[in-house]
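For reference, the structure discussed in these notes is given below.
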2 protein chains.
Amino acid sequence: MTESLTEEKIKEAARIIFMEKGYAAAGMRDIAAKAGVNLSLVNYYYRSKKNIFQIIMLEKMHKIFGSIIPYMIDENTSLEEKIKHISTVYIDTISEDPNLPLFVFSELQKNPEELGILFPIQNMDFMQMSIVKQFKAACPDINPAHFMLNFLGMTIFPFIAAHLFSKMPNGIFDNIQTIIHERKKLIPLWIKNMLEANIN
Amino acid sequence: MTESLTEEKIKEAARIIFMEKGYAAAGMRDIAAKAGVNLSLVNYYYRSKKNIFQIIMLEKMHKIFGSIIPYMIDENTSLEEKIKHISTVYIDTISEDPNLPLFVFSELQKNPEELGILFPIQNMDFMQMSIVKQFKAACPDINPAHFMLNFLGMTIFPFIAAHLFSKMPNGIFDNIQTIIHERKKLIPLWIKNMLEANIN
DNA sequence: GTCTATAGAGAGATAGAC
DNA sequence: GTCTATCTCTCTATAGAC
């Protein structure tokens with residue numbers, strides 16, 4: 001039941017093409033060419049464009065959501081430890097595949113019904129997560145949604161905007177990869193500061 | 001030189017279809033149907049799919065970038081005033097068209113060459129903006145890129161993630177529109193707190 | 001300006017030889 | 001498993017009647 005070399009070459013080509021162009025603009029011929037195989041082999045191994053896309057998309061959703069959720073629900077770490085660990089691990093993970101957030105958010109928004117059922121994100125109860133319960137204990141006056149939006153926004157938004165900002169001349173966003181990596185240390189400091197201020 | 005009724009109906013339909021599906025998945029037939037006109041009229045008034053898309057895209061880029069840049073370069077307001085004003089105006093503006101950030105970032109990433117020249121965002125020098133100079137005076141030890149990423153991320157990221165989060169059951173993101181509007185008052189407080197802490 | 005009809009290119013998918 | 005050839009459908013765009 002191990003995958004053949006051809007099968008894996010096609011899948012890797014599909015990853016690249018779908019990430020670059022999105023589902024609609026990607027073509028089966030693009031994938032075959034990138035893999036260096038005959039067009040009909042893509043259908044032979046994966047049967048349809050929709051099917052191979054769902055395989056890639058499931059993989060990508062697992063990567064973007066699965067890499068943080070275990071830490072968020074862990075009952076055995078403090079809030080501070082979670083924040084440090086998640087921001088570091090997440091920035092390292094997404095840096096290997098920096099277009100991942102824009103790709104996943106964009107495709108999910110275009111086809112929420114079909115793609116939403118592939119990954120159980122819609123069945124998750126944020127209120128029962130350890131990280132949310134810990135935040136509520138620390139800052140009872142603030143809606144935890146704001147905390148999650150700030151934390152995730154600080155971590156993920158730079159990847160979404162990187163492509164655009166890096167094109168600006170002579171700018172503050174030169175070397176945006178370096179800037180993003182600096183944030184692994186800075187985000188926990190900023191968040192800790194916000195928690196202590198307990199602004200409401 | 002005023003637009004005819006048909007011409008405007010087609011443009012409005014194109015706005016909706018392109019925002020929903022993106023450039024690649026949108027069809028001239030979709031646009032004609034949404035406008036309630038014959039297919040060939042879309043080409044009669046706008047000549048090609050690429051052309052009508054660029055018209056819509058230019059409009060949208062003007063909306064997402066043009067609505068904040070004037071405030072960022074204004075030499076006659078304080079940093080604190082800028083932050084308050086921008087977060088309020090921006091959240092109100094984007095709330096009327098909440099899919100705008102995801103649409104613009106996504107399409108720009110897929111076709112940066114052609115779309116980048118439509119709007120002069122790539123010619124802007126962030127370092128010369130009043131808001132950046134003011135931040136550097138207030139927090140000389142922090143790269144202003146972090147400030148801009150935090151400020152814009154806190155403001156824009158909730159719109160990018162809203163679609164996904166709002167599907168979660170029994171969650172903290174119920175009524176995400178209300179939560180986003182609360183942020184008009186909260187973001188200036190958080191940012192002010194970060195400036196005063198001057199974390200480095 | 002608006003319609004019908006269609007050209008022409010490109011897409012996804014499959015049949016069938018090897 | 002891999003190839004060539006092709007079917008069928010859909011798309012953008014245009015020609016030409018009214």
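Just so it is clear: chains get the letters A, B, ... in the order the sequence lines come, proteins before strands, and each one is counted from 1. Nothing here was measured: the structure is a model prediction, and the numbers come from that model.
- With contacts defined as side-chain heavy-atom distances shorter than 4.5 Å, the pair B:Met148/B:Met72 qualifies.
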Give me the distances for all protein-to-nucleotides 15-18 of chain D N/O pairs that come in under 3.5 Å?
none

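- Residue B:Leu39 has its side chain nearest to D:dA13 when only D:dA13, C:dG1, D:dC3 are considered.
- Ring-plane geometry between A:Phe165 and A:Phe173 is classed as parallel, the angle between the planes falling under 30 degrees on a 0 to 90 degree scale with a further cut at 60.
- Salt-bridge formation is detected for the pair A:Glu12/A:Arg15: a Lys NZ or Arg NE/NH1/NH2 atom is positioned less than 4.0 Å from an Asp or Glu carboxylate oxygen.
- As rounded to whole Å, 19 Å separates atom P of C:dG8 from atom CE of B:Met28.
- In this structure, A:Arg29 places its CZ atom 13 Å from C1' of D:dT10, rounding to the nearest Å.
- For the pair B:Lys49 and B:Tyr23, the cation-pi test (distance below 6.0 Å, angle within 45°) is passed.
- Across all strands, A:Tyr45 comes closer than 4.0 Å only to sugar-phosphate atoms, never to a base (heavy-atom distances).
- The local environment of NE2 in A:His62 is sparse, with at most 12 non-hydrogen atoms from other residues, nucleotides or ligands closer than 6.0 Å.
- D:dA13 atom P lies 6 Å from atom CG of B:Asn43, rounded to whole Å.
- A cation-pi arrangement is absent between B:Lys60 and B:Phe119, since the terminal nitrogen or guanidinium carbon is not both under 6.0 Å from the aromatic centre and inside a 45° cone about the axis.
- B:Phe53 places its CZ atom 19 Å from the C1' atom of D:dA13, with the value rounded to the nearest Å.
- Residue A:Thr6 places none of its side-chain N or O atoms closer than 4.0 Å to OP1 or OP2 of D:dG1.
- Across all strands shown, B:Ala26 has heavy atoms under 4.0 Å from sugar-phosphate atoms exclusively, and none from any base.
- Rounded to whole Å, the distance from OH on A:Tyr44 to C1' on C:dG12 is 19 Å.
- Following rounding to the nearest Å, B:Arg47 (CZ) and D:dT14 (P) show an atom-to-atom distance of 9 Å.
- Side-chain contact of A:Thr77 with A:Lys82: a donor-acceptor pair under 3.5 Å is present, judged by distance alone.
- Distance NZ (A:Lys49) to C1' (D:dC9): 14 Å, rounded to an integer number of Å.
- Summarising the geometry, the separation between CG on B:Asn38 and P on C:dC3 is reported as 5 Å, rounded to the nearest angstrom.
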